[in-house]
There are 2 protein chains.
Amino acid sequence: MEKEKLNTAKTITIYDIAKEAGVSASTVSRVLTGSASVRKEKKERIQKIIEKYNFKPNALAKGLSDTSTKTIGVIAADIRNPFYASLFVSCELAAEAAGYSVVLANSLGVKEREVNQLDYLMQQRVDAIIQIGGRVDDLVTDDSYAEKLRDICKTTPVVVTGKIDKAPVYSVSINQTKAMDIIMEHLIGLGHEKIAMVGGLMRVVSTYNKYNSYVENLKKHGIAVKGEYVINGNYDPVSGYEGTNKLLELSEQPTAIVAINDFAASGALRSIREHGLRVPEDISVVSFDNTYTADILSPKLTSIDYDYDHFGKMLVDTAIAVIKGQKTDDNQMVEPRLVFRESTGKAPD
Amino acid sequence: MEKEKLNTAKTITIYDIAKEAGVSASTVSRVLTGSASVRKEKKERIQKIIEKYNFKPNALAKGLSDTSTKTIGVIAADIRNPFYASLFVSCELAAEAAGYSVVLANSLGVKEREVNQLDYLMQQRVDAIIQIGGRVDDLVTDDSYAEKLRDICKTTPVVVTGKIDKAPVYSVSINQTKAMDIIMEHLIGLGHEKIAMVGGLMRVVSTYNKYNSYVENLKKHGIAVKGEYVINGNYDPVSGYEGTNKLLELSEQPTAIVAINDFAASGALRSIREHGLRVPEDISVVSFDNTYTADILSPKLTSIDYDYDHFGKMLVDTAIAVIKGQKTDDNQMVEPRLVFRESTGKAPD
DNA sequence: GGACTGTCTGAAACCGATTTCAAAATTAAT
DNA sequence: ATTAATTTTGAAATCGGTTTCAGACAGTCC
């Protein structure tokens, strides 16, 4: 198609509409927002012209005037990770349903970026900020970040997944303890006693909570806690792979592996296969997050799900409630459930 | 942490800074933007105050005044798909490097949403729009969408992946023909002649191009084109699974399967395994996109890669060039390359 | 018909930046 | 010391909406 010169065609404004309709801009604005009544015939005339030009009011001007942008900023650690992507999309849908839109800021796990993204969202005058994952989950939160967050909380509601007590934010967190309880009951119920945990970092709150629950569950069932059964990692496939390699070299191999997420589990699956063992006949694997990765792998993973739609809606509803000044719980919980698939089974004799 | 009432603390403006520094707002603005020189002592005084309050100018006011927001809107079909997510992130990084920021609009493949997202981005006064995937790829593009796009092109540069000739957009497209050439040469070089193609829809331009190249390559090598070796699908794991099931029921099973993307390939892998066959000893599988999925599966997938960083940078550079009124190629190509992994091998005898 | 009430409407101020324009303050030149 | 040339500076206009305020208009009631 031939490309005419990008002609910077004058964008049409509310004043243009007003002039053509023979009314004032105020009246057009009233029709647009429905904030006050306008004589029927005028209203229809104006609407016709709006329609004709497909006029859409400038969001910048509107936001400047309103001091509300009807926009929620979402900071995600890395949108390429399906866990964050799923949660982001359900936030987006929940926000839309409530008449808000959502702007994404990707921190990519870089501390400096995370601070910049906060600045960026504040400059954009978002009405609230939702942070999913990232720095807020870190036990050793950086001070400049916490300080910035504290500042922001003075003017803008902040809702985070996980928990942070260095700034007055609202939180919607996964009940990690319960999630691990469910997994351990599942595995122990299948006869497993040699249970390993692989792929996470203990300085991350969510992982730390899971670890504690892991230990508690073992104790409760009178099973000895073995240090060499817990292997740290970086939440990626390689971590799961290398961690599992180590586990399989132990004189007493575990019969079940709890991976910190589906990515780590994929690595575990690979390691097990390379050792000539079968899942779940020889070793069971279970993980957290139930992203689509769990469904793609062979065998399909048994994994902990959080009902992402509901999770996202809780985050958004909380943000909007605080925006509107309604009373809201400071700390809410998302309840996990187990999706049983092909990767777990009875412990070998 | 105790939650003080969200106190709507007056957000600080350029006027507040000006007053405290004993200068006019104009002067503060000049310091902020560096648009004109300011006496050194004053400048330092002002900077100190800006620093002290960590003042960041209101992006809405700035955009309104400038009529440029230094923002590029990106419409992606579904950010949960790792192909789009990777491309989005590299667009984001390229934009940042050029002093722009990026706002994501997720169409989720819903036609109506796609049109709304265009409106939304225009209301936000983005300086350009990049559309990755989605409606623009569709051969039977909807008219209301094309019309809107044509309208937008009058005022705002639009860059799309794929090609569309119903609106004067710029395009950066993958050389699909070349991509399929590479795959076919790879497979035929390994001795394969019974080659199937699975998982895509022929009304999608990119798939159609691949199909044509598939046929050409077979002909070139004097291999008969068999209709039953091409099975449509919806780009997801289930399509790959069911399509491969059909292929394996044929009296003459293929020895190689070209999946339309890594998702479809994951389904193919599952089907093959369930039929008691091995990859790549009995059947080779190769796919397009080289998302991380390719690296997670066992065996790891041989897949076509596009160098996402470069791809994203081309999209953004093109958008920015058009914004700046520089001359730019209407149609650019991204060259594919094969990443050889574990899922392809010599044809069985 | 006049007073009163309620509904519509436009002018003007405002949101918070940038930029133009002309005046004020410096500096350089003679 | 004057005048000319520069550099700095602030007032005011602008971007495109919303909202307040007060006046215009229409309808109701006596």
Side-chain angles (χ1 to χ4, degrees), chain A residues 8-47 49-50 53-71 119-120 122-127 155, chain B residues 8-47 49-50 53-71 119-120 122-127 155:
Chain A
T8 326
K10 181 189 176 313
T11 49
I12 187 162
T13 73
I14 200 173
Y15 293 96
D16 301 319
I17 303 286
K19 193 196 280 181
E20 183 158 338
V23 299
S24 75
S26 328
T27 304
V28 177
S29 175
R30 283 188 265 258
V31 170
L32 241 26
T33 61
S35 61
S37 57
V38 172
R39 188 166 298 278
K40 197 176 170 202
E41 22 161 340
K42 261 187 193 167
K43 187 171 180 176
E44 283 166 359
R45 180 149 39 99
I46 294 171
Q47 279 170 331
I49 299 175
I50 289 175
Y53 292 108
N54 188 29
F55 169 73
K56 292 283 184 325
N58 183 325
L60 301 174
K62 191 166 183 162
L64 186 56
S65 164
D66 284 355
T67 64
S68 152
T69 52
K70 285 285 187 177
T71 286
D119 277 336
Y120 170 72
M122 292 308 287
Q123 281 190 66
Q124 299 297 322
R125 295 296 187 271
V126 295
D127 293 346
T155 62
Chain B
T8 327
K10 180 188 177 313
T11 50
I12 188 163
T13 74
I14 200 173
Y15 294 96
D16 301 319
I17 304 285
K19 192 196 279 181
E20 182 158 339
V23 300
S24 75
S26 328
T27 304
V28 177
S29 174
R30 282 187 266 259
V31 170
L32 241 25
T33 61
S35 61
S37 57
V38 171
R39 189 164 298 278
K40 197 176 168 202
E41 21 161 341
K42 262 186 192 166
K43 187 172 182 175
E44 283 166 358
R45 180 149 38 99
I46 293 171
Q47 280 171 330
I49 299 174
I50 289 175
Y53 292 108
N54 187 31
F55 169 73
K56 293 281 182 328
N58 182 326
L60 301 173
K62 191 167 183 162
L64 187 56
S65 161
D66 283 353
T67 65
S68 152
T69 52
K70 286 287 190 175
T71 287
D119 277 336
Y120 171 71
M122 292 308 287
Q123 282 190 66
Q124 299 298 320
R125 294 297 186 272
V126 295
D127 293 346
T155 60

Chemist: What is the first contacted nucleotide of DNA chain C and what is the last, in 5' to 3' order, if contact means an atom lying under 4.0 angstrom from a heavy atom of chain A?
Modeler: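 The contact span of chain A on DNA chain C goes from C/dC8 to C/dG16.
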Chemist: Where is the tightest heavy-atom contact between B/Ile12 and B/Phe55, given as atom of each residue plus distance?
Modeler: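 B/Ile12 and B/Phe55 have their closest heavy atoms at O-CE1, 3.4 Å.
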Chemist: Got a sec, which residues hit salt bridge (charged side-chain N to carboxylate O under 4.0 Å, His left out) with A/Asp119, two or more places apart in sequence or on another chain?
Modeler: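 By the salt bridge (charged side-chain N to carboxylate O under 4.0 Å, His left out) rule, A/Asp119 matches A/Lys148, B/Lys56.
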Chemist: Protein within reach of the bases, or only the backbone? For nucleotides 7-17 of chain D, mark each nucleotide 5' to 3' as B, S or -, using heavy atoms under 4.0 Å.
Modeler: -SBBBB--BBB
Chemist: Mind checking what makes side-chain contact (heavy atoms from CB on, under 4.5 Å) contact with B/Thr69, not counting sequence neighbours?
Modeler: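 B/Thr69 satisfies side-chain contact (heavy atoms from CB on, under 4.5 Å) with A/Leu60, B/Thr71, B/Arg125, B/Asp127 once adjacent residues are dropped.
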Chemist: Less than 3.5 Å apart, any donor N or O on the side chain of A/Ser24 or A/Thr27 sitting next to an acceptor on the other?
Modeler: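 There is such a pair between these side chains.
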Chemist: Could you work out, with side-chain hydrogen bond (donor to acceptor under 3.5 Å, both in side chains) as the rule, every residue matching B/Glu20, not counting sequence neighbours?
Modeler: B/Lys52, B/Tyr53
Chemist: If the condition is side-chain contact (heavy atoms from CB on, under 4.5 Å), which residues does A/Thr67 pass it with, not counting sequence neighbours?
Modeler: none
Chemist: Applying side-chain hydrogen bond (donor to acceptor under 3.5 Å, both in side chains), name anything that partners B/Tyr15, two or more places apart in sequence or on another chain.
Modeler: none
Chemist: Work out how much the helix from C/dG1-D/dC30 to C/dT30-D/dA1 bends between its end axes, five pairs an end, to the nearest 10 degrees.
Modeler: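 What I find for the helix from C/dG1-D/dC30 to C/dT30-D/dA1 is an axis angle of 40°.
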Chemist: Could you pull out all residues at least two apart from A/Thr13 that satisfy side-chain hydrogen bond (donor to acceptor under 3.5 Å, both in side chains)?
Modeler: A/Asp16
Chemist: For residues 35-42 of chain B, tabulate all N or O donor-acceptor pairs below 3.5 Å that involve a side-chain atom, not counting sequence neighbours.
Modeler:
unit_1	atom_1	unit_2	atom_2	d
B/Ser35	OG	B/Thr33	OG1	3.0

Chemist: What heavy-atom pair brings B/Ala21 and B/Ile46 nearest, and what distance separates the two atoms?
Modeler: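 So the two residues come closest at CB-CG1, 3.9 Å.
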